[in-house]
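Here is the naming used below: chain letters follow the sequence lines, and residue numbers restart at 1 for every chain.
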Number of protein chains: 2
Amino acid sequence: MTEPAPSRAASKSAQTRQRILDAAAEVLSRKGYAGTRLADVAAVAGVQAPAIYYYFASRDELVEEVMWVGAHRVRLHVEERLAAVPEGASAMDRLMVAVEAHLRFELQLSDYATASVRNAGHVPEQLRVRPAAEEAQYTHLWRDLFVAAQQAGEVRADLDINILRLLLLGAMNWVVEWWNPRTRSLDDLVATAQGMIRHGAGT
Amino acid sequence: MTEPAPSRAASKSAQTRQRILDAAAEVLSRKGYAGTRLADVAAVAGVQAPAIYYYFASRDELVEEVMWVGAHRVRLHVEERLAAVPEGASAMDRLMVAVEAHLRFELQLSDYATASVRNAGHVPEQLRVRPAAEEAQYTHLWRDLFVAAQQAGEVRADLDINILRLLLLGAMNWVVEWWNPRTRSLDDLVATAQGMIRHGAGT
DNA sequence: GCGATTCTCTAATCTGGCTTAGAATCGAGG
DNA sequence: CCTCGATTCTAAGCCAGATTAGAGAATCGC
């Protein structure tokens, strides 16, 4: 009561802002940039469309924030998992951990990540600036993983690891286009992706 | 489909229609569904926007045709290359041929293919009906390749080839999001993709 | 309780971009 | 040359959906 609690008042407001952002992530991940109506986002968030303007200057600003948060969180999540890998693990093991972390986060944990991945190439140029900085760091993280693995002799020396990295990220990102949790097991997906990279399909 | 080719002069009218369709494929492949303005398409085709309506009933009908043509041609191209594979080739060799054909066609030969791949998940539901039938056939083609390879013992028995197929197609489709012919060699890309599937990255 | 402030709503405005109307142009016969 | 159909143009029309205005409801500090 007598508590100053600007944090409390701000908290309710912040919660609404969060609901709107979550709703935007959900709709964007499902319908894509072109199919996302502000009215849909508002409905999911449980407000009227104009209320969004109290928290965001424009539709595009809202979209940009979703994209950035998505890119940011994926990176944090993968970094966390990598940090938890025991000291003695091989470079290839670290790569496998990153693959698992990326897939699980993207498919299970975060509409933001899905929205970010699906729409990265479809939003207007200006919206890509801030998220692009995040993605650059993420690219760097993966490049390091591949470089370490190749230098350790755990990735064939004749492979172009830049291309390989982009192919792998592509395979994982595209999963959001076809994944259906009801018909497939995430564990199987992770295992298959890891197997593809580590050993390939051939006998 | 839209080219009965009345013998001699592919009537001027048909040529214009083709120019518009080509322009739409080019713009769609570059800017995506949301970013494609009818005025841009018209400019590339060298006409005014309303001229498009002489040949297509609506923007969406134009987009749908591009998407369908893209899906159709990729499949035809891959089928052609597979038909040219010598009798004695292994199932894995056939898979490698398909990978190369898909990549080369998508990146070198066809804005239609690129447009189709990039926008498949971003156009309104109703536009996906006709292209979806094409894609189903294409899926079938790849499934057969994988089944044959696994039954021949050339793909490890413990792999889920449905997941593997989707990962591979994803890796190849995502290439359109990052590919830059100026900085990378298509031959290297093809070789790396083939190597990834056949042998993996591990040593 | 009671203003002051924060938040949300309804109603209206604005605009980009698809689409339509209808006039001009072109090209092949006659 | 003139006519007619095919083609393309300029000038509007029109609408979905973002955005703005300004009036109410909720909440807070006192």
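Separating the CG atom of A:Asp40 from the P atom of D:dA16 is a distance of 14 Å, rounded to the nearest angstrom. Distance OH (B:Tyr53) to P (C:dT20): 7 Å, rounded to an integer number of Å. Nucleotide C:dC18 holds its C1' atom 12 Å from the CG atom of B:Leu62, rounded to whole Å. In this entry the distance linking CD1 of A:Ile52 with C1' of D:dT20 reads 14 Å, nearest Å. To the nearest angstrom, P of C:dC7 lies 12 Å from CD of A:Gln15. A:Tyr33 places its OH atom 14 Å from the P atom of D:dG17, with the value rounded to the nearest Å. As a whole-Å value, the separation of B:Asp60 CG from D:dA16 P is 14 Å.
Between B:Trp142 and B:His102, the ring-plane angle classifies as perpendicular under the 30° and 60° cut-offs.
Relative to the six-membered ring of B:Tyr33, B:Arg118 misses at least one condition, a distance below 6.0 Å or an angle of at most 45° to the axis. Taking the ring axis of B:Tyr112 as reference, the NZ or CZ atom of B:Arg73 stays within 45° of it and closer than 6.0 Å to the ring centre. Relative to the six-membered ring of A:Trp68, A:Arg130 meets both conditions, a distance below 6.0 Å and an angle of at most 45° to the axis.
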Protein-proximity profile, nucleotides 10-16 of chain C, B/S/- by nucleotide at the 4.0 Å heavy-atom cutoff, equals BB-----
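Taken to the nearest 0.5 Å, the CG atom of A:Leu168 stands 4.0 Å off from the CD1 atom of A:Ile197. The CD atom of A:Gln150 sits 11.5 Å away from the CG atom of A:Leu95 when rounded to the nearest 0.5 Å. Put simply, CZ on A:Arg165 and CZ on A:Arg143 are 4.5 Å apart, with the number rounded to the nearest 0.5 Å.
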Short N/O separations, protein against nucleotides 5-7 of chain D, under 3.5 angstrom:
unit_1, atom_1, unit_2, atom_2, d
D:dT7, OP1, B:Ser13, OG, 3.0
D:dT7, OP2, B:Tyr54, OH, 2.4

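The side chain of B:Ala51 lies closest to D:dC9 when the candidates are D:dA18, C:dC18, D:dC9.
Only at 4.0 angstrom or more do the heavy atoms of residues 18-32 of chain A sit from any atom of DNA chain D, so none qualifies.
Summary of helix geometry: the two end axes of the helix from C:dG1-D:dC30 to C:dG30-D:dC1, each defined by five base pairs via their C1' atoms, are inclined to each other by 10° (rounded to 10°).
Contact record, A:Val117 with A:Glu106: CG2-OE1, 3.5 Å, taken as the closest heavy-atom pair. In plain terms, the two heavy atoms of A:Ser29 and A:Asp111 that are nearest each other are CB-O, 3.6 Å. Annotation for A:His122 and B:Gly32: closest pair ND1-CA, 4.2 Å, computed over non-hydrogen atoms. Nearest approach of A:Met67 to A:Pro131, heavy atoms of both residues: CB-CG, 3.8 Å.
In this structure, B:Arg198 pairs ionically with B:Asp93, as a charged nitrogen and a carboxylate oxygen lie closer than 4.0 Å.
Considering only residues two or more places apart in sequence or on other chains, B:Arg81 meets the salt bridge (Lys or Arg N to Asp or Glu O under 4.0 Å) condition with none of them. Listed by chain and residue number, nothing satisfies the salt bridge (Lys or Arg N to Asp or Glu O under 4.0 Å) test with B:Arg184 (two or more places apart in sequence, or in another chain).
Between A:Ala39 and B:Val47, the one whose closest nucleotide on DNA chain D sits nearer the 5' end is B:Val47.
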